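For reference, the structure discussed in these notes is given below.
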Amino acid sequence: MPGSAKAMAVFTVGGLVMVTAYSVTLGNNGWLWFGWVVLGLLTVGVVAARGT
């Protein structure tokens, strides 16, 4: 996995941790989860594109 894809994957996992912490402390926010899902799909797309 190239450096940019790896950085994006790390950022996505960090985002998951932050969204989960936010949801636990302040309550659920659907827009944060939606944003994280979009970021996750973008990350999967970048990793798949870089893999070929």
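Remember, predicted model here, so these are calculated numbers, not experimental data. For this chain, numbers begin at 1 and follow the sequence in order.
- Phe11 shares a hydrophobic cluster with Met8, Trp31, Phe34, Val38, Leu39, Leu42, Val46; the chain of contacts runs through ILVMFWY side chains whose heavy atoms sit under 4.5 Å apart.
- In terms of heavy atoms, Thr43 sits closest to Ala9 at CG2-CA, 3.8 Å.
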Would Tyr22 and Asn28 satisfy side-chain contact (heavy atoms from CB on, under 4.5 Å), going step by step from the backbone distance to the final call?
-> CA-CA 8 Å; Tyr22 181 92; Asn28 194 15; over 6 Å; no
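- Val17 and Val10 fall into different hydrophobic clusters, defined by Ile, Leu, Val, Met, Phe, Trp and Tyr side-chain heavy atoms under 4.5 Å apart, directly or through other members.
- A chain of hydrophobic side-chain contacts below 4.5 Å, direct or via other Ile, Leu, Val, Met, Phe, Trp or Tyr residues, connects Val19 to Val37.
- Rounding to the nearest 0.5 Å places CG of Leu16 at 11.5 Å from CG of Leu32.
- The backbone N or O of Thr12 sits less than 3.5 Å from a side-chain atom of Trp36, completing a donor-acceptor pair.
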